[in-house]
Amino acid sequence: MTRPDLLAEARRAPLPVSGGMAEPLAGFAAPCLEVLNLEQPRAVRAVHLQYLAAGARVLRTNTAGASPQRLDRWQMHDEAFIVSYMAAEHAAESARAITAETGIPRWVLGVARVEARVRHLGFLPLDRVEAAARTMASGLAGGGVDAIVVETNQDGGRLAAAMAGVRRGMADAGRALPVLLTLRYDPLFGTPHRDRVTVELAEAAAAAAGLGIAAVGVANADLAEPWADTLRAIARAFPGLLQVEAGPGSRDLAAVLADPVLGRRLALVGGGSAPEDTERLSERLRSFRGGAASSVAPSAVNDTVTAPVRRPRGTR
């Protein structure tokens with residue numbers, strides 16, 4: 001069975017995305033969740049299946065802490081590629097199995113969180129940001145994800161470095177995939193006024209429009225309420241699709257769904273910490289029809305970042 005394109009389907013109506021892995025996998029008491037991709041693959045796949053049964057149409061990979069710098073804390077720096085690869089494979093196989101069983105398409109969103117700084121290392125230079133993004137993207141693309149979401153802060157230089165790394169990583173894997181962006185606000189050298197936070201995020205969104213990014217969202221947990229106002233500012237700066245992270249009972253999510261502009265451009269909605277949250281979120285989205293008449297023209301976004309198939313020079 002041939003699945004429709006993820007973003008083409010998301011333009012019809014927003015798709016529910018699976019929530020966090022920490023709570024469902026808490027019983028293993030692992031030093032980091034990502035090691036379970038190697039040591040407890042059945043458990044990781046079981047959680048994915050629970051989210052799919054709860055109504056998730058898109059699975060997030062178990063890679064929120066899979067950058068080489070974060071894994072270095074657990075003496076796993078050299079395992080960064082295989083951790084992302086196996087995470088992608090677990091999610092992709094789970095999605096394929098349920099798609100074949102139900103006939104309802106499911107997709108996998110590979111999470112590549114690229115930090116500007118790590119607690120035990122400090123600020124990362126741009127070449128290390130690019131290298132980290134490349135490692136994660138090559139593993140995720142090689143493992144079979146349908147799109148990659150880059151999670152990084154609002155700094156334009158780090159955003160560009162992360163995107164350069166993702167392009168090289170996809171080239172290493174011989175695949176070209178849609179790339180999405182989740183902005184995670186980092187105060188860097190201090191906490192600015194809330195209006196400045198919104199301005200900086202909107203500026204980063206504007207930069208994303210020139211980097212071929214297909215959809216932009218913001219990590220709402222990093223913002224003061226109401227984050228719907230910040231999303232409106234991002235939407236004015238970025239002409240493409242939008243994504244949000246929100247609990248099923250969020251007032252801001254209700255405001256976004258009711259907004260005639262934001263609702264039409266909303267592509268992916270995730271959030272929550274357990275499959276029960278995804279079930280409630282899926283039910284809420286089933287009653288929403290704002291995305292079905294999306295006015296986002298296909299030419300308004302670059303759905304796929306083109307990458308050469310041959311491996312770049314200097315790689316093994």
Side-chain angles (χ1 to χ4, degrees), residues 1-10 15-28 30 32-67 71 76 79-113 135-151 166 169-170 172-180 268 270 272-279 281-282 304:
M1 184 180 76
T2 302
R3 291 180 307 163
D5 176 77
L6 167 59
L7 294 181
E9 188 72 11
L15 300 175
V17 183
S18 62
M21 301 289 282
E23 184 174 311
L25 292 172
F28 289 95
C32 68
L33 291 179
E34 292 68 30
V35 72
L36 298 178
N37 296 326
L38 307 181
E39 297 181 354
Q40 297 290 341
R42 291 185 179 179
V44 174
R45 294 187 188 194
V47 173
H48 287 320
L49 292 174
Q50 291 170 20
Y51 273 116
L52 291 169
R57 297 288 303 280
V58 182
L59 288 176
R60 286 170 56 94
T61 54
N62 182 35
T63 51
S67 70
L71 291 176
M76 293 178 61
E79 285 75 38
F81 170 83
I82 193 62
V83 166
S84 287
Y85 184 97
M86 294 306 299
E89 189 171 83
H90 298 330
E93 291 191 4
S94 301
R96 285 196 296 266
I98 297 302
T99 296
E101 179 182 322
T102 64
I104 301 173
R106 303 320 206 275
W107 296 268
V108 176
L109 190 59
V111 178
R113 183 174 295 182
T135 297
M136 289 183 284
S138 61
L140 293 168
V145 303
D146 299 294
I148 293 175
V149 57
V150 175
E151 298 188 356
V166 167
M170 291 192 298
D172 292 345
R175 299 186 68 199
L177 300 169
V179 179
L180 292 68
L268 301 175
S273 58
E276 292 78 9
D277 296 325
T278 299
E279 185 173 13
L281 185 63
S282 300
T304 301

### Task
List the atom of Ala66, the atom of Leu71, and the distance in Å for their closest heavy-atom pair.
O-CD1, 3.5 Å
Donor-acceptor pairs under 3.5 angstrom involving side-chain atoms of residues 100-112: please list them, not counting sequence neighbours.
{"from": "Thr102", "atom 1": "OG1", "to": "Ile98", "atom 2": "O", "distance (Å)": "2.8"}
{"from": "Thr102", "atom 1": "OG1", "to": "Ile104", "atom 2": "N", "distance (Å)": "3.2"}
{"from": "Thr102", "atom 1": "OG1", "to": "Arg106", "atom 2": "NH1", "distance (Å)": "3.1"}
{"from": "Arg106", "atom 1": "NE", "to": "Ala56", "atom 2": "O", "distance (Å)": "3.3"}
{"from": "Arg106", "atom 1": "NH1", "to": "Ile104", "atom 2": "O", "distance (Å)": "3.0"}
{"from": "Trp107", "atom 1": "NE1", "to": "Pro4", "atom 2": "O", "distance (Å)": "3.1"}

### Query
From Glu89 CD over to Ile82 CD1, what is the distance, rounded to the nearest 0.5 angstrom?
8.0 Å
#### Entry: Value rounded to 0.5 Å, distance of OG in Ser273 from CE in Met21
12.5 Å
### Message
Test of understanding: with salt bridge (Lys or Arg N to Asp or Glu O under 4.0 Å), list the residues that count as partners of Glu276, not counting sequence neighbours.
### Response
none
### Leu7 to Asp5 - nearest heavy-atom pair and separation
N-OD2, 3.1 Å
### Query
Side chain of Ser18, backbone of Leu59: donor and acceptor closer than 3.5 Å?
no
### Query
Could you give the distance from NE2 (His48) to CG (Leu52), rounded to the nearest 0.5 Å?
8.5 Å
#### Entry: Gln50, Glu93, Gln40 screened by side chain to side chain donor-acceptor pair (under 3.5 Å) with Arg45, the one that passes
Glu93
#### Entry: side-chain contact (heavy atoms from CB on, under 4.5 Å) evaluation trace for Ser67 with Met136
CA-CA 7 Å; Ser67 70; Met136 289 183 284; 3.8 Å; yes
### Task
Kindly give the heavy-atom pair with the smallest separation between Leu177 and Ala147, and that separation in Å.
CB-CA, 4.4 Å
### Task
Could you pull out the closest heavy-atom pair between Ala173 and Gly142, with the gap in Å?
CB-N, 3.7 Å
### Message
What I'd like to find out is whether the side chain of Val17 reaches to under 4.5 Å of the side chain of Arg57, using heavy atoms alone.
### Response
no
### Query
Ignoring hydrogens and geometry, is there a side-chain-to-backbone donor-acceptor pair from Asn62 to Val44 under 3.5 Å?
no
### Message
So does Phe81 get a backbone contact from the side chain of Ser84, meaning a donor-acceptor N/O pair under 3.5 Å?
### Response
no
### Task
For residues Gly55 and Thr278, report the shortest heavy-atom separation together with the two atoms involved.
C-CG2, 4.4 Å
### Message
Would you compute the distance between atom CG of Leu15 and atom CG of Leu6 and round it to the nearest 0.5 angstrom?
### Response
6.5 Å
### Message
If you define the side chain from C-beta out and look only at heavy atoms, does anything of Pro16 sit under 4.5 Å from Val58?
### Response
no
### Query
Within the distance-only criterion (no hydrogens, no angle test), does the side chain of Arg175 pair as donor or acceptor with the backbone N or O of Ala141 below 3.5 angstrom?
yes
#### Entry: Nearest-0.5 Å distance that lies between atom CE in Met86 and atom CD in Glu79
13.5 Å
### Under 3.5 Å donor-acceptor, Tyr51 side chain and Arg60 backbone
no
### Query
Hey, does Leu180 have a side-chain heavy atom less than 4.5 Å from the side chain of Leu268?
yes
### Message
Please find the pair of heavy atoms, one from Ala30 and one from Leu36, that lie closest to each other, and give the distance.
### Response
CB-CD2, 3.8 Å
### Message
Within this structure, what is the CG-CE distance for the pair Leu140 and Met170, rounded to the nearest 0.5 Å?
### Response
11.0 Å
